[in-house]
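Down below is the structure, laid out as C-alpha cells.
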Amino acid sequence: MSETVTILGLESSCDDTAASVLRHVAGQPAQILSSVVFDQSDLHADFGGVVPEIAARAHAERLDICVEAALKEAAMNLTDMDAIAVTSGPGLIGGVLSGVMCAKGLAAGSGKPLISVNHLAGHALTPRMTDGTAFPYLMLLVSGGHCQFLIVHAADKFTRLGGTIDDAPGEAFDKTAKLLGLGNPGGPLVEKEAERGDASRFKLPRPLLDRAGCDMSFSGLKTALRRARDLIVDEKGGLTVQDRADLCAGFQAAVADSLVEKTRRACLAFMDQTNTPTPVLAVAGGVAANTVIRDGLQGLCKAQGFAFLAPPLKYCTDNAAMIAWVGVEKYRAGDFSTMAMAARPRWPLDQTAKPMLGSGKKGAKA
Ligand code: KG4
Ligand code: ZN
C-alpha cells in the first residue's frame with residue numbers, strides 16, 4: 001500500500017463548483033491542503049431554485065479556475081498528484097458532465113489516473129476523512145437534496161435503511177420560508193423565526209410515523225403549513241410577526257420529531273444488522289446545522305448508547321475534499337476508471353434497495 005497518497009478532487013454535481021487537494025499518509029489523519037468552493041447562489045437567486053443549464057455553464061466556466069486556486073493554495077502542481085478524483089454522479093447531469101470532462105482533460109494532459117466518485121459516497125465517507133471513524137457506522141444525510149439513512153459497512157458497501165419518499169427536509173424548510181415570505185436559503189431563517197415561536201400552537205402532521213421502517217415524507221407537512229397560513233390570512237387578512245414565528249416553530253418541531261423518531265428506528269436496525277460494540281451516528285448536510293434537530297439527535301444518541309458525530313459544516317455541505325477523500329480510499333483499493341467513464345444522473349449507493357421516489361429540489365440524487 002502506498003504510504004502517502006495525494007489526490008485532486010473535483011465536485012460539480014449541483015450548484016457548488018469545488019476543487020480540493022488532499023494528502024493522506026497511511027495510518028494518519030487526512031490533511032486537507034485546500035478546499036475551494038465557488039458558490040453559485042447569486043446566479044440562481046432570481047429563479048427560486050437551481051437552474052440546471054445555468055449551473056452547468058457556470059461549472060464549465062469556473063472549474064479550471066477553481067482547480068488552479070486549489071493547487072495554488074496547496075502550493076502544488078498537477079505533477080504532484082497521484083490521481084484525479086471527480087464526482088461522476090448522481091446529480092444534475094450538465095454539471096456532472098462539466099466535472100467529468102474537466103477531470104478527463106486533466107488526466108489526459110498529465111498522465112495521472114482517473115477515479116470516478118459517487119457524490120453520496122463523498123458525504124457518507126466524510127466522517128472517515130474528518131474523524132477517522134471506523135466501519136461500520138450509521139449515517140444520516142439530511143440536506144436540500146438528500147435525506148437517507150445508510151449503514152456504511154466499507155468504502156464501497158452501503159445499506160440504505162430508508163429515506164424521504166418526496167421532498168428533502170432542506171427543501172421543505174426552503175419552501176416553508178417562501179410560503180411565509182422569508183428569504184433564501186430558508187433553513188436558517190425559519191430557525192431564527194422559530195426561536196420566538198410557540199411550537200404547540202399549530203398541530204402539524206408527523207407523516208409516516210404510523211408506518212414501520214425508516215422512510216420519511218415532508219411534502220404533506222408543507223401543504224399542512226400552507227393551509228394553516230391560509231386560514232389565518234382568510235381570518236385576519238395577513239400574518240402577524242407572532243403568527244409567522246409560531247408557524248416556523250411548529251414546522252421545525254414537526255421535522256425534528258420525524259427525523260428523531262426515524263433515526264431511533266435506524267439506530268435499532270443498525271444494531272440489529274451490525275451488533276457493533278461502539279456504535280456511531282454521523283450526520284451530514286446543511287439541515288444538520290439546525291440546533292433543534294441537532295439537539296434532538298444528540299439526545300437520542302445518548303439514550304441509544306450511540307456516539308454522535310457532526311463533521312465541521314464546511315465538510316458536511318457540498319465540497320471537493322470529500323470527493324478527494326473517496327479518491328484516497330479508491331486509490332488504495334486500486335479502483336481506477338478509464339476515459340470511458342460516464343456521467344450518471346442517478347446512482348444509488350445501495351443497488352439492492354428499492355428506488356427512492358423523491359428527487360429533491362437540487363435534482364435527482366439517488
Ligand atoms: O447540504 P447543503 O448545503 O446543500 C445541499 O442541499 O446539497 O444543504 C442546504 C440545505 C438548504 O435547504 C438549507 O435551507 C438547509 O440546508 N439548512 C437548514 C439550516 N441551514 C441550512 N435547514 C434548517 N436549519 C438550518 N439551520
Ligand atoms: Zn451533496
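When a ligand or atom number is given, it counts from 1 through the structure's own listing order. These numbers come from the heavy atoms of this one structure, side chains and all, not from hydrogens, waters or symmetry mates.
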Does any N/O atom on [X] come nearer than 3.5 Å to any N/O atom on ligand 1?
| X | answer |
| --- | --- |
| P185 | no |
| G144 | yes |
| F173 | no |

Query - Flag side-chain contact, heavy atom, 4.5 Å: L180 against L239 - result: yes
Query raised in the report: Tell me, do L309 and D131 make a side-chain contact under 4.5 Å, heavy atoms counted?
Result: yes
Check: [X]/[Y] side-chain N/O donor and acceptor closer than 3.5 Å:
| X | Y | answer |
| --- | --- | --- |
| H24 | Q31 | no |
| E261 | T263 | no |
| E191 | T291 | yes |
| H119 | D318 | yes |

Report task. Answer side chain, backbone, both or neither: which part of N290 comes under 4.0 Å from ligand 1, heavy atoms only. Result -> both
Per-atom contacts, ligand 1 versus [X] - under 4.0 Å to a heavy atom:
| X | value |
| --- | --- |
| T317 | 1 (O), 2 (P), 3 (O) |
| D318 | 7 (O) |
| G145 | 6 (O) |
| E191 | 24 (N), 25 (C), 26 (N) |
| G285 | 1 (O) |

Query raised in the report: Taking the six-membered ring of F135 as reference, does the NZ or CZ atom of R128 fall below 6.0 Å from its centre and within a 45° cone about the axis?
Result: yes
Query raised in the report: Is there an N/O/S atom in H123 at a distance below 2.8 Å from the Zn ion (ligand 2)?
Result: yes
Query raised in the report: Out of the N/O/S atoms in D318, what is the name of the one closest to the Zn ion (ligand 2)?
Result: OD1
Query raised in the report: Does the S34 side chain pair with the main chain of V21, one donor and one acceptor, at a distance under 3.5 Å?
Result: yes
Query raised in the report: Is any side-chain N of the basic residue among D243 and R201 closer than 4.0 Å to the acidic one's carboxylate O?
Result: yes
Requested in this report: Could you tell me whether ligand 1 has any atom less than 4.0 Å away from a heavy atom of C14?
Outcome: no
Report summary line: With rounding to 10 degrees, H119 NE2, the Zn ion (ligand 2) and H146 NE2 define an angle of 110°
